[in-house]
There are 2 protein chains.
Amino acid sequence: MRPTVHDIADTAGVSLATVDRVLNDRPGVRGVTKAKVEAAIATLGYVRDVAAANLAKSRVYPLVFILPAGDNPFMRGLEAEVRRAGFHSAAERTRLSVVPVPAFDAAALVAAIDGAVADQVSGIAAVAVDAPEVAAAIGRAHAAGVPVVTLVSDLANSGRDHFVGVDNVAAGRTAGSLMGRFLGNRPGPVAVLAGSMRVRDHRERLDGFLATIAEMPVGRAVLPVLEGQDDPKLSLSLVSGCLASTPDLAGIYSLGAGNQGLVAALADRTDLCVIAHELTAHTRAALETGIIDAVLNQDAGHEVRSAIRVLRAKADGLPVIAAQERIRLDIFIKDNLPAGPDEDDNN
Amino acid sequence: MRPTVHDIADTAGVSLATVDRVLNDRPGVRGVTKAKVEAAIATLGYVRDVAAANLAKSRVYPLVFILPAGDNPFMRGLEAEVRRAGFHSAAERTRLSVVPVPAFDAAALVAAIDGAVADQVSGIAAVAVDAPEVAAAIGRAHAAGVPVVTLVSDLANSGRDHFVGVDNVAAGRTAGSLMGRFLGNRPGPVAVLAGSMRVRDHRERLDGFLATIAEMPVGRAVLPVLEGQDDPKLSLSLVSGCLASTPDLAGIYSLGAGNQGLVAALADRTDLCVIAHELTAHTRAALETGIIDAVLNQDAGHEVRSAIRVLRAKADGLPVIAAQERIRLDIFIKDNLPAGPDEDDNN
DNA sequence: CTGTTAGCGCATTCAA
DNA sequence: TTGAATGCGCTAACAG
């Protein structure tokens, strides 16, 4: 059997309580005693049974996810993943809740953050809106000892403890690279559809995309960004207008919002090279029919689980293993589409 | 707080032991009593705390991974992931071990399987070799009540409980699709490098690839398969020979073995479209220098963790959630390469 | 500064 | 057929 706290207590000649103190480095242990215990730990190769530890603690960790309301499919997917994680969170002794706030509404986000702090939660995950008052609220939470992670869209200089999301510049580069390869030497400009240039993740994706297109051997123009405000109708009309006014359009890069309008505007035009972000019912269907050529995706399930792990670690004052919490950028084409509309695992 | 067994016992007016009996549906409970308890469980919305249950059981699950020896980087990566999982497996009360067997050696694999069964392990994960005696050994293990999962390469009709790995036909299709798009209307045949056509996963990948290439609007010839036997030198000479004898060669698809020789043979030829399987040090470097255009990957970490979950579930007689255990096929290009040589999470 | 003791939620002997 | 009591490995009062 694996060594237990009793074993180290015995071989170190101390009591359980003392062992526990050095294990959780709590104060009130003499240097020599501590050394003895640590020696015993080392020689026995002790590893703490976290399950038992959590059981004994019987502490619960109320974690709150502050997510944009509305019917953005990706955000709704995130929420679904939180609920799914909540189901299994029993063993982890976490209590998950979701607080919806109007999208792009800095004031509402600030209120939600302050509210969570007032509620004594042990961690906050929020999709950041890029505004100074939001940074200030995050700062207050941090000052109050409540760990905060930004989700999907980051907010630097806010004092957030961690960012859970993909490298959006790399995502843009990936899109540009695929677009360039798929188009080959076919002439014609490409268009870009964004939700809003006021959100950081979209800006970063665009930067990466433009840089890669510029590096291509084949020169290619990028039309001015279409801002669809995540509104299906507006997105549809913008894309339709672009198609009408640019007969030689070769491709479209959708930064992540307005995919429904985009697909509607394209109808059955499979001749363009279209690359979009986020795998949802709309993009999946369009991928299958050939309207969209590739979808770049961040796995909402992985993000939620990573956020939970990070918040718990921060709440316990434990270190975060950065390499383990890196969120991958998935590339999907028609042929490697995961089977169901249901998402995956683990992790 | 969440309801516990005590709460059920109280509201049902029975003892803990009785509650436990119906929870784990063990014999020795009258129908009426059982009904009362089940009613209490339902009304209270009880969910069992698995961590506490495992702690109380203090049962350990010795699981053995039978992996091909040798220096195939992917297999060594798998082994590394088993060790990594073993580190965290403490909380899961699993005891992981790795048994190396010579690659492609059916007899050795059979011996290893029978040995594990003799050792009373509670589960076996093995990279299957496609041979009847292996199927028979798996059948014996199954008959002895030891669950078996095949890893990476499957073996149907063997009675294995589950297969952990990617859909290799879809993987081949993905490769063919990318190859076709990247090449566009550039003329020239493509070559295929395999380890051996005797392993099922390679055969399936080839099938998918050929099918997709055949469906392409641009007709394209596929040269006879080069079998490198997972030997760097042989692979190198085969590819070199092919390059010499086929000046208009447009692309190469590497089914998964011999990437080191492939990269060596290509030297600094970045004009070919090269798609390979498995992200290793060699393929990663070649992706960065442009020798390889895309790498298809199955995440070894996910596979190992999935195998563990499945074996534990089988050992406990619990159902496996198929959707949750599906292994994804990752596409990597230069731009979405994960940062470190170190792998990830979760999960 | 260190040790004793009593649980956390569940499984499991051993009695009744 | 049912129940009482004990312990899994660890944490946390509370004493000393």
Side-chain angles (χ1 to χ4, degrees), chain A residues 1-38 40-41 44-61 89-95 312 315-318, chain B residues 1-38 40-41 44-61 88-95 315-318:
Chain A
M1 286 305 282
R2 230 174 51 188
T4 75
V5 278
H6 290 93
D7 299 319
I8 52 185
D10 288 353
T11 77
V14 298
S15 76
L16 284 187
T18 302
V19 172
D20 185 68
R21 288 188 186 100
V22 347
L23 274 176
N24 300 290
D25 56 31
R26 271 188 279 263
V29 183
R30 241 188 329 164
V32 263
T33 321
K34 184 171 180 180
K36 272 195 303 184
V37 175
E38 280 168 344
I41 291 175
L44 292 185
Y46 170 83
V47 272
R48 167 214 254 96
D49 182 331
V50 263
N54 285 331
L55 177 59
K57 278 204 262 268
S58 78
R59 171 186 170 181
V60 290
Y61 297 76
S89 71
E92 321 290 321
R93 314 207 79 73
T94 58
R95 200 79 61 201
R312 280 222 31 172
D316 283 338
L318 299 175
Chain B
M1 284 308 282
R2 232 173 50 187
T4 75
V5 278
H6 289 92
D7 300 319
I8 311 185
D10 289 354
T11 77
V14 298
S15 77
L16 287 185
T18 302
V19 173
D20 184 70
R21 289 190 184 98
V22 348
L23 274 175
N24 300 291
D25 56 31
R26 271 186 279 262
V29 183
R30 243 188 327 167
V32 263
T33 322
K34 184 170 180 181
K36 274 195 302 184
V37 175
E38 280 169 344
I41 291 175
L44 293 185
Y46 170 82
V47 273
R48 170 212 251 96
D49 183 331
V50 261
N54 285 331
L55 176 60
K57 278 202 265 263
S58 77
R59 170 183 172 185
V60 290
Y61 298 76
H88 293 289
S89 71
E92 321 290 321
R93 314 206 78 74
T94 58
R95 200 80 60 204
D316 282 339
L318 300 175

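These values consider heavy atoms only, across backbone and side chains, with no hydrogens, waters or symmetry-generated copies. None of the values given here were measured: they were computed from a predicted structure. Letters go in sequence order (proteins before strands), and every chain restarts at 1.
- If you measure from atom CD1 of Ile8(B) to atom C1' of dG3(D), you get 16 Å, rounded to the nearest angstrom.
- Summarising the geometry, the separation between CG on Leu16(A) and C1' on dC8(D) is reported as 13 Å, rounded to the nearest angstrom.
- Distances shorter than 4.0 Å separate none of the side-chain N or O atoms of Ser58(B) from OP1 or OP2 on dC8(D).
- Comparing Ala52(B) and Lys34(B) by the nucleotide of DNA chain D that holds the closest heavy atom to each, the one mapping nearer the 5' end is Lys34(B).
- With hydrogens and angles left out, the side chain of Arg21(B) and the base of dG3(D) share a donor-acceptor pair within 3.5 Å.
- Rounded to whole Å, atom P of dA11(C) lies 12 Å from atom CG of Asp25(B).
- Atom NZ of Lys34(B) is surrounded by 12 or fewer heavy atoms from other residues, nucleotides or ligands within 6.0 Å.
- In this structure, the side chain of Asn24(B) engages the main chain of Asp20(B) through a donor-acceptor pair within 3.5 Å.
- Here the closest non-hydrogen pair linking Asp49(A) and Leu55(B) is OD2-CD1, 4.4 Å.
- In this structure, the nucleotide among dC10(C), dC10(D), dA12(D) sitting nearest to the side chain of Asp49(A) is dC10(D).
- OP1 or OP2 of dG3(C) has at least one side-chain nitrogen or oxygen of Thr18(A) nearer than 4.0 Å.
- Between Ala9(A) and Val19(A), the closest heavy-atom pair is CA-CG2, 3.7 Å.
- We find that CG of Asp20(A) is positioned 16 Å from P of dC14(D), with the value rounded to whole Å.
- The interatomic distance linking Leu55(A) (CG) with dC8(C) (C1') rounds to 4 Å, in whole Å.
- Rounded to whole angstrom, the span from the CG atom of Asn24(B) across to the C1' atom of dT12(C) amounts to 11 Å.
- In this structure, Arg30(B) reaches the dT2(D) phosphate: one of its side-chain N or O atoms is under 4.0 Å from OP1 or OP2.
- Residue-level contact check: Ala17(B) touches the bases, meaning some heavy atom is under 4.0 Å from a base atom.
- One atom, CZ of Arg26(A), and another, P of dT2(C), lie 15 Å apart when rounded to the nearest Å.
- Thr4(B) has no side-chain polar atom (N or O) that falls below the 4.0 Å cut-off from OP1 or OP2 of dG9(C).
- Within 4.0 Å of Val14(B), counting heavy atoms only, lie sugar-phosphate atoms of the nucleic acid but no base atom.
- In this structure, Asp10(B) atom CG and dG3(D) atom C1' are separated by 14 Å, rounded to whole Å.
- Under 4.0 angstrom from either OP1 or OP2 of dG9(C) there lies no side-chain N or O belonging to Arg2(B).
- In terms of heavy atoms, Thr11(B) sits closest to Ala40(B) at OG1-CB, 3.1 Å.
- Thr33(A) has a side-chain polar atom (N or O) that falls below the 4.0 Å cut-off from OP1 or OP2 of dT2(C).
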